[in-house]
Amino acid sequence: MSEQQEEDVLSGLVGAAPALSPLETLRHSTAHVMAKAVQKLFPGTKVTIGPSIESGFYYDFDPPRPFTEDDLAKIEAEMKKIVDANEPFVRHELPRSDARAMFEKLGETYKVELIDGFPPDAVVSYYTTGDWFDLCRGPHVKATGEIKAFKLTAVASAYWRGKETNPQLQRIYGTAFSSQADLDKHLARLEEAKRRDHRRIGKDLDLFSIDETIGAGLVLWHPKGGRVRHLIETFWREEHFAHGYELVSSPHIARDELWKTSGHLSFYKENMFSGMDVDGQQYLAKPMNCPFHCTMFKKGLRSYRELPHRWAELGTVYRYERSGVMHGLLRVRGFTQDDAHLFMTREQLPGELERVTNFCLYILKTFGFTDFKLYLATRPKEFVGDPEIWAVAEAALLDVLKKSGLPFEVDPGGGAFYGPKIDLKLKDCLDREWQCSTIQVDFNLPERFDLEYVGQDNKKQRIVMVHRALLGSMERFFAVLTEHYAGAFPVWLAPVQARVISIGDRQAPYVQEVAEILTKKGFRVDTHVGGDKLGAKIRQAQLEKIPFMLVCGDKEVEARAVAARGRDGTQLPAMSIDAFAEHLAKAAAIPRGGVAPA
RNA sequence: GCUGGCGUAGCUCAACCGGUAGAGCACCUGACUUGUAAUCAGGAGGUCGCGGGUUCGAGUCCCACCGCCAGCUCCA
């Protein structure tokens with residue numbers, strides 16, 4: 001939980017009842033019912049806080065022993081009793097000192113700690129639920145009988161007040177809806193999310209794997225996934241050349257000298273894989289590409305006439321991530337960033353920021369993403385660089401976002417110490433946000449590497465530098481892309497675009513010929529001949545989410561035609577091989593700047 | 001890293017209180033030659049995550065490690 005979120009939760013404990021939506025109120029009340037049930041079933045359990053959240057609610061407890069999954073059913077049963085009893089929620093108020101004494105007497109040390117954080121003159125409210133009560137600002141439903149449909153979903157742990165150094169509490173997650181039908185709908189959505197999970201699809205479609213013998217968070221791209229990645233990269237490279245970039249390339253390791261200069265050994269060391277000794281020199285795997293590009297920039301005296309330089313690299317980096325944080329392809333230890341560094345003059349900064357932002361949105365739209373969250377992260381308390389140029393950069397970023405016409409949020413003080421940035425997050429199948437695109441101004445590395453250019457006045461000037469990634473990393477982007485399309489990649493990205501299928505063995509030579517013709521035209525085509533029934537072959541291709549199935553029986557051989565079926569079940573009229581090739585070419589066109597059809 | 005859960009054939013899963021591993025799909029072989037989401041039969045396939053320990057005997061119990069899942073913390 002961020003500090004801001006924590007503030008929100010804690011501020012909800014004192015003063016007048018905040019305005020919660022009916023659903024939020026219902027869920028918060030359900031959390032109270034759960035807390036009552038837990039304290040009855042597990043005497044000695046201390047209560048803490050229990051807010052409603054986006055998909056339900058949770059309540060954090062400090063129990064004598066950790067909860068297990070089996071406990072959830074017992075708690076649910078106890079909750080049902082409380083609901084059936086239709087106990088009213090009643091608000092009571094007390095002076096702060098009386099409230100403190102009351103909770104202290106009960107041994108509710110966490111509640112006491114919360115009260116201690118309230119203003120001295122605060123009137124503290126608590127709510128009774130039958131013979132049970134809880135420190136709470138409310139609001140609540142009138143009585144427990146209003147809780148019609150709820151379910152406890154998970155047990156986990158969480159740190160008290162979100163701080164790693166604090167004691168760990170036991171958190172129980174649940175959800176509640178105003179009707180059983182809504183709850184069922186929600187549970188069905190979760191099932192659907194499981195089917196879209198890129199880890200599931202990656203296995204089913206043989207796209208990638210991660211093997212513990214190789215190491216956690218290190219990805220194997222199988223041929224099918226490798227093909228999709230190649231298609232993404234090819235598009236990416238072409239677009240970069242078309243948008244004024246040059247492609248560069250740098251090694252995976254470098255001497256500690258480089259990382260001292262860049263500052264990574266002082267501020268990023270705990271995220272770097274430990275070094276290796278080579279001939280008495282320490283080498284470390286790169287966690288970022290920027291120091292290489294900076295070093296490259298220093299080769300030669302730069303003139304304002306040659307700026308800006310836009311150097312892009314699909315650079316593979318390695319970062320040590322703590323063991324519990326890896327998640328499929330979304331969070332890994334080795335990944336390839338679609339990185340670029342822009343070197344420019346101060347004056348060029350606003351124009352370059354606008355240009356790169358538009359480029360970014362163009363690329364994402366081409367891949368079919370329109371539902372993303374934009375954040376502008378501004379100057380933090382600790383920062384390097386001239387406040388004046390910070391202001392220029394922030395104003396430029398704000399201006400770019402406004403011009404885009406897209407909604408965005410400002411994250412005050414959320415910028416890196418070295419500069420402000422725009423972050424763009426995409427959602428996974430469970431609506432969790434993952435940062436993909438980022439555009440970051442950097443006032444630090446140009447100093448550390450002493451990057452300069454000769455200005456019009458023949459004087460050396462400090463470079464302004466921008467880091468940016470559009471997709472973020474190939475791994476994370478591929479994961480989000482896979483979940484976005486549930487594995488049914490748009491035709492331009494599909495690893496196999498069409499499968500040619502025979503009805504019996506007789507048509508095998510013709511099937512082969514059709515496949516060869518289409519392959520020669522540059523399409524990705526494979527075949528399925530042999531003894532299986534047609535239905536089985538169709539089913540197989542459907543499961544593989546291949547966009548087109550070309551059925552060839554005796555009729556098609558006779559007419560030198562194909563009967564094409566789309567993966568959406570549509571049946572195209574029988575057509576010649578060339579006619580289908582034309583159809584496929586249209587379907588496979590890259591929807592540049594548009595939205596790729598699913 | 002923390003808490004809880006988990007790790008059995010390529011995949012999905014089964015094996016009561018410890019008695020020495022089983023199914024479906026996939027794969028291979030054969031038969032069938034099929035018109036739009038699963039043809040039939042046979043076969044092969046496992047040092048039960050890895051290493052210790054307890055026991056006459058461990059997939060099952062204990063310890064440590066590795067990995068996975070959910071959440072937290074981190075990350076941006």
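Throughout, protein chains are lettered first and strands after them, A, B, ... in sequence-line order, and every chain is numbered starting at 1.
- Taking a pair to require two hydrogen-bonding distances under 3.5 Å in either a Watson-Crick or a G-U wobble arrangement, B/C40 pairs with B/G30.
- Nucleotide B/C11 holds its P atom 18 Å from the CD1 atom of A/I201, rounded to whole Å.
- In terms of phosphate contacts, A/R331 brings no side-chain nitrogen or oxygen within less than 4.0 Å of OP1 or OP2 of B/C68.
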Intermediate values then yes/no, side-chain hydrogen bond (donor to acceptor under 3.5 Å, both in side chains), A/K203 and A/S209 = CA-CA 7 Å; A/K203 221 176 245 183; A/S209 64; over 6 Å; no
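- Closest to the side chain of A/P66, from the set B/U3, B/U34, B/C11, is B/U3.
- Using N1 to N3 plus N6-O4 or O6-N4 for Watson-Crick, or N1-O2 and O6-N3 for G-U wobble, each under 3.5 Å, B/G45 pairs with nothing.
- In the set B/G71, B/G35, B/A37, the nucleotide with an atom closest to the side chain of A/R171 is B/G71.
- Among the nucleotides B/C11, B/G35, B/C74, the one closest to the side chain of A/K555 is B/G35.
- Rounded to whole Å, the separation between the P atoms of B/C61 and B/C16 comes to 10 Å.
- Across the P atoms, B/A21 and B/C25 are found 23 Å apart, a figure rounded to whole Å.
- In this structure, A/A193 and A/C429 approach most closely via the heavy-atom pair O-SG, 3.4 Å.
- Ranking B/U33, B/A38, B/A70 by closeness to the A/D505 side chain, first place goes to B/U33.
- B/C61 is paired with B/G53 under the criterion used here, namely a Watson-Crick or G-U wobble arrangement in which both key atom distances are under 3.5 Å.
- Close to B/C72, at under 4.0 Å from its OP1 or OP2, lies no side-chain N or O of A/K163.
- The shortest distance between the side-chain N/O atoms of A/Y173 and the OP1/OP2 oxygens of B/C72 is below 4.0 Å.
- Distance from the side chain of A/R432 is smallest for B/G71 among the nucleotides B/A37, B/G35, B/G71.
- When the C1' atom of B/A70 is taken as reference, atom CG of A/L169 falls 17 Å away, rounded to whole Å.
- Phosphate contact (OP1/OP2 of B/G4, side-chain N/O of A/R65, threshold under 4.0 Å): absent.
- Base pairing of B/G24: its partner is B/C11, meeting the Watson-Crick or G-U wobble criterion (both donor-acceptor distances under 3.5 Å).
- Residue contacts for A/A563: at a heavy-atom cut-off of 4.0 Å it reaches a base atom on one of the strands shown.
- Comparing the C1' positions of B/G46 and B/A41 gives a spacing of 24 Å, expressed to the nearest Å.
- Between A/W434 and A/G535, the residue anchored closer to the 5' end of RNA chain B is A/G535, taking for each the nucleotide with the nearest heavy atom.
- Using a 4.0 Å heavy-atom criterion, one finds that A/K421 contacts the sugar-phosphate atoms exclusively.
- The CD-P distance, from A/E212 to B/C68, rounds to 8 Å in whole Å.
- Nucleotides B/G59 and B/U47 are separated by 12 Å at their C1' atoms, to the nearest Å.
- For A/K203, counting side-chain heavy atoms from C-beta on, the closest listed nucleotide (B/C11, B/G4, B/C72) is B/C11.
- Look at CZ on A/R333: it is 11 Å from C1' on B/G67, rounded to the nearest Å.
- For the residue pair A/Q170 / A/D60, no side-chain donor-acceptor distance below 3.5 Å is found, with atom types taken as modelled.
- Pair assignment for B/G4 gives B/C69, based on Watson-Crick or G-U wobble hydrogen-bonding distances that are each under 3.5 Å.
- Taking the charged nitrogens against the carboxylate oxygens, A/E483 and A/K427 have no contact shorter than 4.0 Å, which rules out a salt bridge.
- Toward the 5' end of RNA chain B, the nearer of the two residues A/R319 and A/A536, judged by each one's closest nucleotide, is A/A536.
- In this model, the phosphate group of B/C72 is not approached by any side-chain N or O of A/R161 to a distance below 4.0 Å at OP1 or OP2.
- Applying the 4.0 Å criterion to OP1 and OP2 of B/G35, one finds that A/R565 has every side-chain N and O outside that range.
- A side-chain donor-acceptor contact under 3.5 Å links A/T336 and A/T316.
- A gap of 31 Å separates the C1' atoms of B/A23 and B/C62, to the nearest Å.
- A donor-acceptor contact under 3.5 Å is formed by the side chain of A/Q571 with the base of B/U36.
- Spacing of P atoms, B/A15 relative to B/A9, comes out at 15 Å, to the nearest Å.
- B/U34 and B/A38 are spaced 14 Å apart, taking the C1' atom of each and rounding to whole Å.
- Put simply, the side chain of A/S157 and the base of B/G71 share a donor and an acceptor less than 3.5 Å apart.
- Dense packing is recorded around CD of A/E270, with more than 12 heavy atoms of other residues, nucleotides or ligands lying under 6.0 Å away.
- For the pair A/H327 and B/C75, the criterion of a side-chain N or O lying under 4.0 Å from OP1 or OP2 is not met.
- Of the side-chain N and O atoms in A/R199, one or more sit less than 4.0 angstrom from OP1 or OP2 of B/C69.
- Scanning atom types as modelled, one donor and one acceptor separated by under 3.5 angstrom connect the side chain of A/Y159 and the base of B/G1.
- Side-chain N/O atoms of A/E556 and base N/O atoms of B/G35 include a donor-acceptor pair closer than 3.5 Å.
- Nucleotide B/C69 holds its P atom 9 Å from the CE atom of A/M326, rounded to whole Å.
- For A/R200, taking side-chain heavy atoms from C-beta onward, the closest of the listed nucleotides B/C11, B/G35, B/A37 is B/C11.
- Residues A/G553 and A/I503 come closest through the heavy atom pair CA-CD1, 3.5 Å.
- Here the side chain of A/A216 is nearest to one of B/C68, B/G35, B/G1, namely B/C68.
- Contacts of A/D211 with the nucleic acid, taken as non-hydrogen atoms under 4.0 Å apart, are absent.
- Paired with A/K151 under the rule side chain to side chain contact (heavy atoms under 4.5 Å, CB included), one option of A/M79, A/E76, A/H186 passes, and it is A/E76.
- In this entry the distance linking CG of A/D532 with C1' of B/A26 reads 12 Å, nearest Å.
- Taking atom P on both nucleotides, B/U12 is separated from B/A26 by 15 Å, rounded to a whole Å.
- Around atom NZ of A/K425, more than 12 heavy atoms belonging to other residues, nucleotides or ligands sit under 6.0 Å away.
- One atom, CG of A/L329, and another, P of B/C69, lie 11 Å apart when rounded to the nearest Å.
- When every heavy atom of A/F443 is checked against every heavy atom of A/G385, the shortest pair comes out as CB-CA, 4.2 Å.
- As the counterpart of B/C17, no nucleotide is assigned, since no Watson-Crick or G-U wobble pattern has both distances under 3.5 Å.
- Of the candidates B/U36, B/A37, B/G1, the closest approach to any side-chain atom of A/L543 belongs to B/A37.
- At whole-Å resolution of the value, CZ in A/F67 and P in B/G4 are 12 Å apart.
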